Each structure stands twice: as C-alpha cells, then as structure tokens.
S.K.: 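The structure under discussion is supplied below as structure tokens; questions concerning it will follow.
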Amino acid sequence: MTDKRASVLLVQFAKAPVEGQVKTRMIPFLTPRQACDLHCELVLWTSGQLVNAQLGDIELAVSGSATHPLFEQVRQLGVDQVSLQRGADLGQRMYHAIRAGLCSYNKVILVGSDCPAIDAVALCAGVEALDHADVVLGPAEDGGYVLIGARKVSAVLFEGVPWGTAGVYAATREALLQLGWEWAALPPMADVDRPQDIAAWHTLRDSRRG
C-alpha cells in the first residue's frame, strides 16, 4: 500500500442538480431545466478531466444531496469518493475540504465545476507549482479563481472574501501576502457562468470530442 502522504488529492466542488438552484445566471436565457442540464454536463466534463489527468485520488465534494444519479455517473467515470461539503459558506467549505485533504495528502488541488478549460495540463502545472509554493491559484478571467492548490492552509485565506464578485482573486492574493506565504499563479482561464460564455464552451467541448 502506497503512502498517501506523498501524493495528491484532487477535489471537485459541485452542487446537487436542482432546477432553479444551479446556473441561475443563465436564466432566463436558458430555462431552469436547460440550466440544470448544462450544470450536469459541466460536472461530468470536469470529473472526466480530473480522471484523465491521472495525478492522484479524486473526491467530489457535494453541496446538497449526494444521492442524485449524476453522482453515480461521476463514480462510474473513475472518481474515488463522493462526500458532502461542510461549512456555512463557500469559504468555510473550501477551507474544510483542503484541511481534511492535507491530513492524508501532501498536496490538495481544489476546483469548481464551472471551468471546462481545466485539463491535465493545467492540473499538472498546479501540482508542480506546489513543489516550491505553499499555494497555487488559477485565476478566472472575471476576477475570481477556478483552482486553488495547497500544501498548507489557513482559514485566513477564506475569510472576508467577497465570493461571487470580481474581487475574489485580489482578496485572496492580499491574504497570501499578509500570511507571508510563497504562492504561484497559473494563466487565467474562463469559466461558464453567463449566457455569453456558452458559445466558447460548445467550441471547446466539440474540439476536444473531435
């Protein structure tokens, strides 16, 4: 049995697919059902990218019910574990997930399910950055971030962050500076949050599948 403390855990965050509660910024451009279908498609796509990267164990951390059939599909793709997120807000949930992972793994990479551009290349770059940095961030083009990796963690990184706004990345960078930690950044990536993002997602999806 290998020593997991010398390895990597990839954590994917996802919401349970409930119509009207996921991809709400796509509505009314999409119907609630279409928005939910898009959410499911992106969750499965992201899980597939993590599995294909073959960098370590994979955990899907779910907000809401973990019993939806979507999450059985994720297991069939090769995800090792489906768990429930813990915490009162997004920051707390991310902190708990990374802290728990670091109890058994040297490096934890956490991603959402909204950035289909995260692939093996980006994930490998994140893991390699942690050879010399305490934290790595994958900035989003809208001012947030789509990936955070760590080999140590502090609640400070997730406190007072204006989640869901263009100030997320800047606030996290400021927290890292206050902590005095070494950190690295990947090239910015686009996520799929608004109607204008759909065309780029379809282009990426079709090119990868072709």
Side-chain angles (χ1 to χ4, degrees), residues 9-85 90 93-94 97 109-126 138-149 163-165 168 186-210:
L9 176 66
L10 304 176
V11 180
Q12 177 186 351
F13 265 30
K15 293 180 180 179
V18 178
E19 290 183 31
Q21 296 182 23
V22 293
K23 287 281 171 259
T24 54
R25 283 182 281 185
M26 294 291 182
I27 303 168
F29 181 81
L30 299 179
T31 67
R33 180 53 180 265
Q34 289 172 328
C36 192
D37 288 345
L38 173 61
H39 170 74
C40 292
E41 189 177 17
L42 289 170
V43 170
L44 289 171
W45 176 275
T46 303
S47 293
Q49 296 299 306
L50 299 186
V51 171
N52 291 338
Q54 298 183 348
L55 290 170
D57 291 346
I58 304 167
E59 175 183 349
L60 180 71
V62 175
S63 169
S65 172
T67 62
H68 193 279
L70 173 67
F71 303 133
E72 180 56 35
Q73 290 181 265
V74 165
R75 288 189 182 94
Q76 292 173 3
L77 286 174
V79 168
D80 299 291
Q81 178 185 358
V82 176
S83 64
L84 287 173
Q85 298 174 17
L90 178 60
R93 295 194 293 268
M94 293 172 70
I109 301 286
L110 188 153
V111 303
S113 297
D114 297 325
C115 181
I118 294 176
D119 57 11
V121 174
L123 292 165
C124 186
E141 292 180 353
D142 63 5
Y145 60 78
V146 297
L147 176 153
I148 181 169
W163 303 109
T165 75
V168 170
L186 303 179
M189 289 175 274
D191 48 19
V192 181
D193 280 334
R194 295 177 172 82
Q196 57 265 36
D197 303 324
I198 294 177
W201 153 234
H202 287 168
T203 298
L204 173 63
R205 179 195 63 189
D206 296 343
S207 68
R208 296 279 179 88
R209 287 176 176 173

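Quantities reported herein were computed from a predicted structural model and do not represent experimental measurements. Quick note: numbers below take in every heavy atom, side chains included, and nothing from hydrogens, waters or symmetry partners.
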S.K.: Rounded to the nearest 0.5 Å, what separates atom CZ in Arg205 from atom CD1 in Ile198?
M.R.: 10.5 Å

S.K.: Starting at CD of Gln196, measure out to CE of Met26 and round the result to the nearest 0.5 Å.
M.R.: 8.0 Å

S.K.: Please assess Val51 against Ile58 for the test side chain to side chain contact (heavy atoms under 4.5 Å, CB included), listing each intermediate value before the final yes or no.
M.R.: CA-CA 7 Å; Val51 171; Ile58 304 167; 3.6 Å; yes

S.K.: State which residue, out of Lys23, Lys15, Arg194, fulfils the salt bridge (Lys or Arg N to Asp or Glu O under 4.0 Å) condition with Asp114.
M.R.: Lys23

S.K.: Leu60 and side-chain contact (heavy atoms from CB on, under 4.5 Å): which single residue from Asp80, Leu77, Val74 fits?
M.R.: Val74

S.K.: Looking only at heavy atoms, which two atoms of Glu141 and Ala190 are closest? And how far apart?
M.R.: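 The answer is OE1-CB, 3.5 Å.
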
S.K.: Would you give the length of the straight line joining atom CD of Gln12 to atom CD of Gln49, rounded to the nearest 0.5 angstrom?
M.R.: 10.5 Å

S.K.: Under a 4.5 Å cut-off applied to non-hydrogen side-chain atoms, are Val111 and Leu123 in contact?
M.R.: yes

S.K.: Whether the side chain of Asp142 engages the backbone of Gly144 through a donor-acceptor N/O pair (distance < 3.5 Å, no angle test) should be reported.
M.R.: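 Yes, Asp142 side chain to Gly144 backbone: donor-acceptor pair under 3.5 Å.
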
S.K.: Mind checking the CG-SG spacing from Asp193 to Cys115? Nearest 0.5 Å is all I need.
M.R.: 9.5 Å

S.K.: Do you know the tightest heavy-atom contact between Leu110 and Ala97?
M.R.: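 What the structure gives for the nearest pair is CD1-CB, 4.0 Å.
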
S.K.: Ignoring hydrogens, what is the shortest heavy-atom contact between Phe71 and Ser65? Give both atom names and the distance.
M.R.: CE1-O, 3.2 Å

S.K.: Check step by step if side chain to side chain contact (heavy atoms under 4.5 Å, CB included) holds for Glu41 and Leu38.
M.R.: CA-CA 5 Å; Glu41 189 177 17; Leu38 173 61; 4.2 Å; yes

S.K.: Are any side-chain N or O atoms of Asp119 and backbone N or O atoms of Ala122, one a donor and one an acceptor, separated by less than 3.5 Å?
M.R.: yes

S.K.: Working to the nearest 0.5 Å, report the span between CG of Asp206 and CH2 of Trp201.
M.R.: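 Taking CG in Asp206 and CH2 in Trp201, the distance rounds to 8.5 Å.
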
S.K.: Do you know which two heavy atoms are closest between Trp163 and Leu90, and how far apart they sit?
M.R.: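 Result for this residue pair: CE3-CD2, 3.8 Å.
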
S.K.: Is there a donor-acceptor pair under 3.5 Å between the side chain of Asp57 and the backbone N or O of Leu9?
M.R.: no

S.K.: Any side-chain heavy atom of Leu42 within less than 4.5 Å of one from Pro116?
M.R.: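 Sidechains of Pro116 and Leu42: in contact.
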
S.K.: To the nearest 0.5 angstrom, please state how far the OG atom of Ser47 sits from the CG atom of Leu70.
M.R.: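 Between Ser47 OG and Leu70 CG, I get 7.5 Å after rounding to 0.5 Å.
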
S.K.: Give me the atom names and distance for the closest heavy-atom approach of Pro17 to Val22.
M.R.: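 For Pro17 and Val22, the tightest heavy-atom pair comes out as CA-CG1, 4.4 Å.
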
S.K.: Restricting to non-hydrogen atoms, name the atom on Ala61 and the atom on Val11 that form the minimum distance, rounded to 0.1 Å.
M.R.: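 That would be CB-CG1, 4.1 Å.
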
